[in-house]
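I have placed the structure first, in the form of structure tokens, so that the comments after it can refer back to it.
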There are 2 protein chains.
Amino acid sequence: MATTKADGKAQAKTEYNAFLAVCPSRQLLDRISDKWVVLILCALGGDTPEPLGAPHTPKAMRYSELARLLTGVSQKMLTQTLRALERDGLLTRTVTPTVPVTVTYELTDLGHSLHHLTRDLRQWAQTHMDAVLTHRESHDARTS
Amino acid sequence: MATTKADGKAQAKTEYNAFLAVCPSRQLLDRISDKWVVLILCALGGDTPEPLGAPHTPKAMRYSELARLLTGVSQKMLTQTLRALERDGLLTRTVTPTVPVTVTYELTDLGHSLHHLTRDLRQWAQTHMDAVLTHRESHDARTS
DNA sequence: CTGTATCCACTGCGATACTG
DNA sequence: CAGTATCGCAGTGGATACAG
């Protein structure tokens, strides 16, 4: 990524700056474009749409809560993603030295601002799922 | 991923339906959460922020144009992503049988609605990049 | 409870070469 | 120009076991 001295032809590859490549947004985009990131932000943002007897609107969550909520995520991915988000200042990690140690995660203001977007994303997905599925079917049918 | 016959305990793995997992939105979320998808949508949406003498506000783009704009993308990924987006009805693929065949891609209404979100995403990334980088540095410094 | 570390399988993805 | 097909590596990510 770094611009080397001799960047003649290699320029196109080493620093693909076209469009929004070398632009800082590109790096964040890669981070945001992560399945678990979106889900964690939604969870910590209190989106949990659980129709069943779920508390709803929780902001701070414990590690085990997240693990339970995001079924299917391995602890490796969960920890890894949480660490990355903490590093970027999107959420805070608070360790309470109780008997069995307690760790809670909470969105920062920055995290909240991004949460609005992931929330819209989730909402869009739900709203237009039918249209997509329908189009997908007809497209597959067309594909002999 | 397919639900096997004996899915007793394996249930947690085969169908991670908690939160928004089994929910249709989950599938679309996976698709949206793709680096190239976001970039293609931004490109076709006319976001190209090229400060240099670039046309700007183009809606329909040719294959080669996209390939040139999204420097760093392999034709495999570009084609693959375009196909997927076409299948989902987010964009249309028009083949004009000229001498050297011409293929243009254009967002559908559905694609445009999603483009608004990817546009916000890109904007957010650009706006808050500094904050993230700053926090990342101080965090790394703290990490002895 | 909340992780960290290791192993390992899968496949995403780039590079390359070939077709219409 | 606009793809498709094949190969092969490397990173992603799951399962398991261990630690503070």
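So that the names make sense, note that chain A is the first sequence line, chain B the second, and so on, each numbered from 1.
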* Pairs involving residues 107-134 of chain A, ordered by first then second residue, that meet ring-ring contact (aromatic ring centres under 6.0 Å, His included) (sequence neighbours left out) -> Trp124(A)-His128(A)
Using the test salt bridge (charged side-chain N to carboxylate O under 4.0 Å, His left out), find all partners of [X] that sit at least two apart in sequence or belong to another chain.
X        : value
Arg83(B) : none
Arg87(A) : Asp140(B)
Arg93(A) : none
Asp88(B) : Arg136(A), Arg31(B)

* Any Leu39(B) side-chain heavy atom under 4.5 Å of Leu29(A) side chain -> yes
* Go through the structure and list residues passing side chain to side chain contact (heavy atoms under 4.5 Å, CB included) with Thr108(A), not counting sequence neighbours. => Thr92(A), Leu110(A)
* Non-neighbouring partners of Thr127(A) that pass side chain to side chain contact (heavy atoms under 4.5 Å, CB included), sequence neighbours left out -> Gln123(A)
* Hey, does the side chain of Arg62(B) come within less than 4.0 Å of dC1(D)'s phosphate (OP1/OP2), counting only N and O? -> no
* To do: State whether Ser64(A) places a side-chain N or O below 4.0 Å from either non-bridging phosphate oxygen (OP1 or OP2) of dT2(C).
  => yes
* Only counting residues at least two apart or in another chain, list the ones meeting side chain to side chain donor-acceptor pair (under 3.5 Å) with Ser138(B). => Arg142(B)
* side chain to side chain donor-acceptor pair (under 3.5 Å) with Thr134(A): which residues, sequence neighbours excluded? -> none
* Just compare dG3(D), dG14(C), dT2(C) and give me whichever is closest to any side-chain atom of Tyr105(B). => dG3(D)
* Which nucleotide in dG14(D), dG3(C), dC1(C) has an atom nearest any side-chain atom of Ser74(A) -> dG14(D)
Value in whole Å for how far the [atom2] atom of [N] lies from [atom1] of [X]:
X        : N       : atom1 : atom2 : result
Leu66(B) : dA2(D)  : CG    : P     : 10 Å
Lys35(A) : dT12(D) : NZ    : C1'   : 10 Å
Trp36(B) : dG14(C) : CH2   : C1'   : 11 Å
Asp34(B) : dG12(C) : CG    : C1'   : 11 Å

* Members of residues 89-101 of chain A that approach DNA chain C, where some heavy atom sits under 4.0 Å away -> Arg93(A), Pro100(A), Val101(A)
* To do: List in numerical order all residues of residues 75-85 of chain A for which some heavy atom is under 4.0 Å away from an atom belonging to DNA chain C.
  => Gln75(A), Thr79(A), Arg83(A)
* Could you tell me whether the side chain of Thr79(A) and the main chain of Lys76(A) form a donor-acceptor pair under 3.5 Å? => no
* **Between the first and last five pairs of the helix from dC1(C)-dG20(D) to dG20(C)-dC1(D), the angle of the axes, rounded to 10 degrees** => 50°
